[in-house]
Amino acid sequence: MDTLASYDELPYDSLPLPETQPDFLAAVARLHGFDAPDPCRARILELGCAQGGNLIPLAWRWPESRCVGVELSRVQAEAGAAFIRHLGLPNVRIVHGDLAALPDDLGEFDYIIAHGVFSWVPPAVRQALLDLCRRHLSPHGIAYLSFNVEAGWNALRPLRIALAERTTADLPAPARFEQALRVLDELEAEWSDPLLLKEIAYLKSAAPSYLFHEYLAEFNAPMRFAEFAAQLDTHGLRYVGEAGPRRAVVELEDSWGLIPESMAGRWLDAEAALDEALATRFRRAVIARADAPCAQPPQAGALSGLAFYADVRSDEEIDLSAATEQCFVNPAGNTFPVSLPAMKAAAMALAAAYPGALDYAGLLSAARQVMAEFGVGGEGDEAGFREALFQLVIAHGVMPTVSAGTVDAELKGLPCAHALARWQASSPGWIVSGARHVAMDLDPSGRALLGLLDGSHTIAELVASMQTTLAEAGLELAPATVNELTHRQLWLFARQGLLV
């Protein structure tokens, strides 16, 4: 196949995906008793990489890594290759090709990423993807495969069927999308199922590419976890763990003393049952070669060997003297209830350190220091702290990584953003990625400001430039207001680790 027409016509937004970061995946693997290779010097392969919005920032962050992206859409592959040439990045390349027909001499990779591929390709390509993972994973390497899960998708099938039946299959993708929007209006008036109406409301505001490729594309094959695990086994692979946020995790009774190999079957059965109980809709599976060490359900005890970061805040006045439940919120609007005082203090410490990460001992010490500053004494219950942290890590209120470290978040007199951020901001269709691999939602004035941060402008000059930019956009604001907005935007850039 030369290219993929629908993805040329209506490409997905090429975004950084936090759950695909190798340092995060290595931390997830370690929670499951599996030691993955060092992310800083890893060989990374991304399949279905679009124009590289996920892969290129990883190559930028780790100059000693070797990164390869494969994309079937010629338009997106060429856009990514041009972006790489402009940056002059020597450790990453994007090739236009079919993952089912890649050369055998591609080499071994420590991390293989395939987000949004497995459920959305023909059966033969799914099998080719698993074969590729077995052939090209290094002995202790891990792969990330996302797929739709039957337990959560069964209730949504009527919507996909209705959209397919009421739209014209041979229309170009943009035209069929517009047709689908009209069908959604019709279905909203006809249907009464709350779940389907909620999904319709979401689709009407979602990116056009999501509606088209999730509901109108020829292939979207949700799968039971048991079936997925069986296919892994057939291809010489095995399940390591789940990289997505979870509301609950598997706990096996009477498993004390069992080696991972002895509990593997019970664990997989329990994972399948959990999908049914939670109506799981989407999985981000971490897998390895079958001859690699056997993983196990996640263990809170493994937290002591990891580091953590979190971009959270609370609109409440935090009470560190009582175990009252209070909510912390991340930039995506997800809320995370916390009751244990020491964990509330830890969340405050992580928010202050962001985008830096604290190791377990450092986080525990920082939490105790915060409590002391608020006049709350005592060493506290470390076992309770570890369990509270474990629950937040599983829910992704706190993100684990394999190494601690600080990121320069200081706002200097001549602000300078790194070249990747400035070029992303200046390139239409590209998303700016923060130091922790998050997509930053910047308006045109924010992108213009970021593009100016080459270290040659004072803050006063940047404020004046913003005044002109906003005026040209028809926004006549008072100088004091523009000054405040500019400082707020610069603070955001610093907090997301864009400044050098």
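- Across all their heavy atoms, C67 and S65 have their closest contact at SG-OG, 3.5 Å.
- Heavy-atom neighbours of R247 CZ from other residues, nucleotides or ligands within 6.0 Å: at or below the threshold of 12.
- Taken from CZ in F308 to CG in L303, the straight-line distance is 4.5 Å, to the nearest 0.5 Å.
- Judged by distance alone, with hydrogens and angles left aside, the side-chain atoms of H115 form no donor-acceptor pair with the main-chain N or O of E46 at under 3.5 Å.
- With salt bridges taken as basic N to acidic carboxylate O contacts below 4.0 Å, one links E199 and R281.
- Residues P16 and I431 meet the side-chain proximity criterion, which asks for heavy atoms closer than 4.5 Å.
- L89 is not listed as a side-chain neighbour of L420, based on a closest heavy-atom distance of 4.5 Å or more.
- Counting heavy atoms from C-beta on, the side chains of I112 and L47 come closer than 4.5 Å.
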For V393 and L31: C-alpha separation, side-chain torsions, deciding distance, then whether side chain to side chain contact (heavy atoms under 4.5 Å, CB included) applies. CA-CA 10 Å; V393 166; L31 283 173; 4.0 Å; yes
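- You'll find the side chain of L211 reaches within 4.5 Å of the side chain of L181, heavy atoms only.
- Here the CG-CZ distance, from L196 to R157, works out to 13.0 Å after rounding to the nearest 0.5 Å.
- Proximity of a side-chain donor or acceptor of R160 to a complementary backbone N or O of Y215 within less than 3.5 Å is detected.
- Residues W191 and I200 are in side-chain contact: their nearest non-hydrogen atoms beyond the backbone lie under 4.5 Å apart.
- Rounding to the nearest 0.5 Å places CG of D38 at 9.0 Å from CH2 of W62.
- Using bins of under 30°, 30° to 60° and over 60° for the plane-to-plane angle, the ring pair F24/H396 lands in the perpendicular bin.
- With R447 contributing its side chain and A425 its backbone, the two residues share a donor-acceptor pair below 3.5 Å.
- Judged by distance alone, with hydrogens and angles left aside, the side-chain atoms of R176 form no donor-acceptor pair with the main-chain N or O of L171 at under 3.5 Å.
- Ion pairing of D110 with R41 is absent here, as no side-chain N (NZ or NE/NH1/NH2) approaches a carboxylate O to less than 4.0 Å.
- Of the possible polar contacts, none joining the T486 side chain to the V463 backbone as a donor-acceptor pair under 3.5 Å is found.
- Between M466 and S445, the closest side-chain pair of non-hydrogen atoms falls below 4.5 Å.
- The salt bridge (charged side-chain N to carboxylate O under 4.0 Å, His left out) contacts involving residues 477-491 comprise E484-R488, where partners must be two or more places apart or lie in separate chains.
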Take H96 and E78 through the test side chain to side chain contact (heavy atoms under 4.5 Å, CB included) and record every step on the way to the result. CA-CA 8 Å; H96 171 240; E78 291 178 350; over 6 Å; no
Checking side chain to side chain contact (heavy atoms under 4.5 Å, CB included) for the pair Y144/I142: CA distance, chi angles, key distance, verdict? CA-CA 7 Å; Y144 163 107; I142 54 177; over 6 Å; no
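- No donor-acceptor pair closer than 3.5 Å links the side chain of T335 to the backbone N or O of V329.
- Distance check, rounded to the nearest 0.5 Å: CD1 of I56 to SG of C49 gives 8.0 Å.
- Of the charged side-chain nitrogens involved, none lies within less than 4.0 Å of a carboxylate oxygen, so that K344 and D319 do not count as a salt-bridged pair.
- Looking at S146, its side chain does come within 3.5 Å of a backbone N or O of G116 through a donor-acceptor pair.
- Y202 and Y210 have perpendicular rings, their planes meeting at more than 60° on a 0 to 90° scale where under 30° would count as parallel.
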For the pair V338 and Q326, evaluate side chain to side chain contact (heavy atoms under 4.5 Å, CB included) and give the outcome as yes or no after the intermediate values. CA-CA 5 Å; V338 181; Q326 295 181 279; 6.0 Å; no
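- To the nearest 0.5 angstrom, L163 atom CG is 11.5 Å from F212 atom CZ.
- Contact record, Q51 with A79: OE1-CB, 3.8 Å, taken as the closest heavy-atom pair.
- Applying the side-chain hydrogen bond (donor to acceptor under 3.5 Å, both in side chains) criterion to R93, with sequence neighbours excluded, gives no partner residue.
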When you look at H213 and W120, which way does the ring pair (Phe, Tyr, Trp, His ring centres under 6.0 Å) test go after all the steps? CA-CA 8 Å; H213 297 297; W120 301 269; over 10 Å; no
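- Under a 3.5 Å cut-off, the side chain of Q179 and the backbone N or O of T168 do form a donor-acceptor pair.
- Nearest heavy-atom pair across A435 and G497 is CB-CA, 3.8 Å.
- Here the side chain of Q76 pairs no donor or acceptor atom with the backbone of G52 at under 3.5 angstrom.
- The aromatic rings of F83 and W430 sit parallel, their planes meeting at an angle under 30°, below the 60° perpendicular limit.
- The two residues G53 and S14 have their closest heavy-atom pair at N-OG, 2.7 Å.
- The CG atom of L492 sits 9.5 Å away from the CG atom of L450 when rounded to the nearest 0.5 Å.
- Smallest separation of non-hydrogen atoms from R495 and D311: NH2-OD1, 2.9 Å.
- Between F147 and R126 the shortest side-chain heavy-atom distance does not fall below 4.5 Å.
- The two residues G397 and A310 make their nearest non-hydrogen contact at O-CB, 3.6 Å.
- Put simply, the side chain of Q467 never gets that close to the backbone of V482: no donor and acceptor are under 3.5 Å apart.
- Enclosure of atom CG in D441 is not indicated, since only 12 or fewer non-hydrogen atoms of other residues, nucleotides or ligands lie within 6.0 angstrom.
- For the pair L58 and Y111, the minimum side-chain heavy-atom distance is 4.5 Å or more.
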